[in-house]
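Everything on this sheet refers to the single structure shown next.
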Amino acid sequence: MTVFLDAVTAVLGSNGLLTDPADLVPYASDWRGKIDGAPLAVARPSSTAQVAAVVRLCLEHGVAIVPQGGNTGLAGGATPDRSGTQLVVALDRMTRILDVDPIDNVIVVEAGCILTTAQQAATDIGRLLPLSFGAEGSARVGGAVATNAGGINVLRYGNTRQLVLGIEVVLADGHVLDLMSRLRKDNAGYDLKQLFIGSEGTLGIVTAVCLRLSPRIVQMQTAVLQMASLGGVLNLYAMLSADLGEFLSSFELISPQARALSVAHLPKSNWPFSDGWAVLVEVGSGSAHIDLGGLLETALATAIEAGIVEDAVIAQSDAQRDAFWLVRESITEGERAAGPSIKHDVSVPISCLPALIEACEADIIATFPGARANVFGHVGDGNVHFNVIPSLEQRAEPGFEARVNACIHDRVAAAGGSITAEHGVGQLRVQELAHYKSPDVIKLMRQIKRAIDPRQAMNPGKVLADERATNPPA
Ligand SMILES: Cc1cc2nc3c(=O)[nH]c(=O)nc-3n(C[C@H](O)[C@H](O)[C@H](O)COP(=O)(O)OP(=O)(O)OC[C@H]3O[C@@H](n4cnc5c(N)ncnc54)[C@H](O)[C@@H]3O)c2cc1C
């Protein structure tokens, strides 16, 4: 490996390759500290040409590659295995904004650009980059593309897939595939960029991205609602969708446990209700001439009169809005502080959501006494995070996690849902993907993987089981 590492250093310079064990630590484990890997080294290229050169060296020396962005992923996709033979290729030196254009309404960035930096650049030209989620201060645009990230604005603007107009990818043979379109309409053949979006680094390394921008929001209203019952959430969603139309950008469900975990973790919080299920609703408009506050108040009054909502508080200032969102965005960190959890990132048709949550909660109480459910999610997207925090004894119980997963995911599958809505498969859900997807789908995915990455060098063992041992590449 010395020959290989010397060759990589020759391409990247001495500060572009990390080999000291202390330097590798931040790149070796996932955000939750649940999965530990042992990278051979960490390559930190500063240009697409350098990424391509490193990939060619990997090909030549038979080294597997693990692409890494902000390392905030929740499925272990960016963590290498423990063999000490995989090279992490970190995009954290490729952070430039290449263009922001208010006529084409696009932003073009290198893949290592931090998401909040890209959002700010859009704001600076009076536009909105609506991709937003709790880890946006650390996650990188390439990572969001590779995981097809969702977040809090999917309801109105779609997930990452809907926002990407073009990408540049370094393929497994080191070839740079230029798909950097900024076109809204392009029916010239297969839409190849879609293959790479959400492929979690298994088909290539995304090096640059062109994202569509939206008109900036000039007024916004945010409210926290205390629900009379979980079941009322569907009626509420239908009512608000009808009354508020495209102004509705967020509709976030927060269970009592999720609120409690978040609030306990925060040094200071401002959340209006101390029990019951809550929904955080946000509406926004690009026009100053609409009485958005009046519209929201009327819609909420109707929901209260109908007995669906018990009480509602509309934020009276930006500070209060930020305080509401802080509680929502800190749930994941609050859960992490409470100890290891078993995460589920599932989606079902929206109409099935409350029944799914209630059935899973009943299952957990009956089958796994002592375990706690932490439930929150993006109801408007049919996406709920049904996380389970085991007791100390359960943590040590062999096979406990697999049994909990089967319990939740069987119910999701029965409702026609997906075992991952936005976090991806990574290495955590490889076997479950194979179990719940049809053999036809897995077969086609394998064929695509073999066609694009015949040596199986790109993030092996993620999304699909690593088949190099059983079926070595020709
Ligand atoms: C507090 C918190 C809240 C979160 N909230 C949400 C949420 O609401 N919605 C949501 O969707 N996700 C959420 N996430 C998950 C995570 O932030 C997203 O998946 C994010 O998109 C990952 O970006 P990253 O740059 O950190 O990628 P990483 O974690 O570094 O990588 C994730 C995957 O993408 C691959 N990858 C990374 N960069 C590239 C690249 N340039 N080319 C090819 N492959 C690459 C990696 O190999 C890995 O498989 C949250 C995470 C945290 C910690």
Side-chain angles (χ1 to χ4, degrees), residues 8 11-12 42-71 73 75 77-80 86-94 98 108-113 139-149 160-161 163-181 189-211 424-427 430 444-464 466-468 473:
V8 175
V11 169
L12 301 183
V42 176
R44 301 177 66 222
S46 59
S47 67
T48 300
Q50 286 193 352
V51 174
V54 169
V55 170
R56 281 195 295 272
L57 285 172
C58 288
L59 182 67
E60 201 180 305
H61 292 265
V63 172
I65 295 167
V66 180
Q68 194 174 102
N71 200 16
T79 310
Q86 299 188 330
L87 182 74
V88 170
V89 177
L91 279 291
D92 54 5
R93 292 209 302 169
M94 293 181 58
L98 303 172
V108 184
V109 297
E110 287 185 327
C113 181
R140 295 173 190 274
V141 173
V145 170
T147 55
N148 183 27
T160 304
R161 197 179 286 288
L163 301 175
V164 174
L165 295 175
I167 56 172
E168 176 188 80
V169 194
V170 174
L171 298 174
D173 62 0
H175 184 81
V176 180
L177 184 62
D178 181 355
L179 302 169
M180 280 300 277
S181 163
Y190 304 142
D191 188 357
L192 292 180
K193 68 176 178 296
Q194 297 298 347
L195 258 186
F196 296 93
I197 301 170
S199 69
E200 302 182 55
T202 60
L203 299 179
I205 302 179
V206 178
T207 44
V209 182
C210 175
L211 294 159
V425 178
Q427 56 181 293
V430 172
L444 191 54
M445 285 170 70
R446 280 215 175 281
Q447 286 169 345
I448 291 169
K449 169 79 174 164
R450 285 180 201 140
I452 296 180
D453 178 20
R455 291 193 166 268
Q456 312 269 315
M458 283 292 171
N459 222 358
K462 313 294 169 48
V463 182
L464 295 166
D466 184 358
E467 57 177 2
R468 286 170 306 166

Do you know which two heavy atoms are closest between Met180 and Val108, and how far apart they sit?
CE-CG1, 3.3 Å
Rounded to the nearest 0.5 Å, the OG1 atom of Thr48 sits from the CD atom of Gln50 at a distance of 9.5 Å
Would you find a donor on one side and an acceptor on the other, under 3.5 Å apart, between the side chain of Gln86 and the backbone of Ala64?
no
Hey, is the main chain of Asn148 close enough, under 3.5 Å, to the side chain of Arg161 for a donor-acceptor pair?
no
Is there side-chain contact between Val425 and Val430, with heavy atoms separated by less than 4.5 Å?
yes
Enter the distance from Thr160:OG1 to Ile197:CD1 here, rounded to the nearest 0.5 Å.
8.0 Å
Run the numbers on Arg450 and Glu467 for salt bridge (charged side-chain N to carboxylate O under 4.0 Å, His left out), then give the verdict.
CA-CA 10 Å; Arg450 285 180 201 140; Glu467 57 177 2; 2.8 Å; yes
Close side-chain approach of Val51 and Met94, heavy atoms under 4.5 Å
yes
Under a 3.5 Å distance rule, please check whether Asp466 uses its side chain to pair with a backbone N or O of Pro460 as donor and acceptor.
no
The residue among Ile205, Leu177, Thr202, Val145 that forms side-chain contact (heavy atoms from CB on, under 4.5 Å) with Phe196 is Leu177
Nearest 0.5 Å, what's the CG-CG distance between Asn459 and Leu464?
11.0 Å
Expected output: side-chain Lys462 to main-chain Ala78 donor-acceptor under 3.5 Å
no
Could you state the interatomic distance from OG1 (Thr147) to CD (Glu200), rounded to the nearest 0.5 Å?
7.0 Å
Using 0.5 Å steps for rounding, measure from the CD atom of Gln456 to the CZ atom of Arg446.
7.0 Å
So do the side chains of Leu195 and Ile452 get within less than 4.5 Å of each other, counting heavy atoms only?
yes
Could you walk me through whether Leu12 and Arg44 pass side-chain contact (heavy atoms from CB on, under 4.5 Å), step by step?
CA-CA 7 Å; Leu12 301 183; Arg44 301 177 66 222; 5.7 Å; no
Between Leu87 and Val54, is there a side-chain heavy-atom distance shorter than 4.5 Å?
yes
So, the side chain of Thr207 versus the backbone of Glu168: is there a donor-acceptor pair under 3.5 Å, distance only?
yes
Distance, nearest 0.5 Å, that separates CE of Met458 from CG of Leu203
9.0 Å
With heavy-atom distances below 4.5 Å as the criterion, would you say the side chains of Met445 and Val463 are in contact?
yes
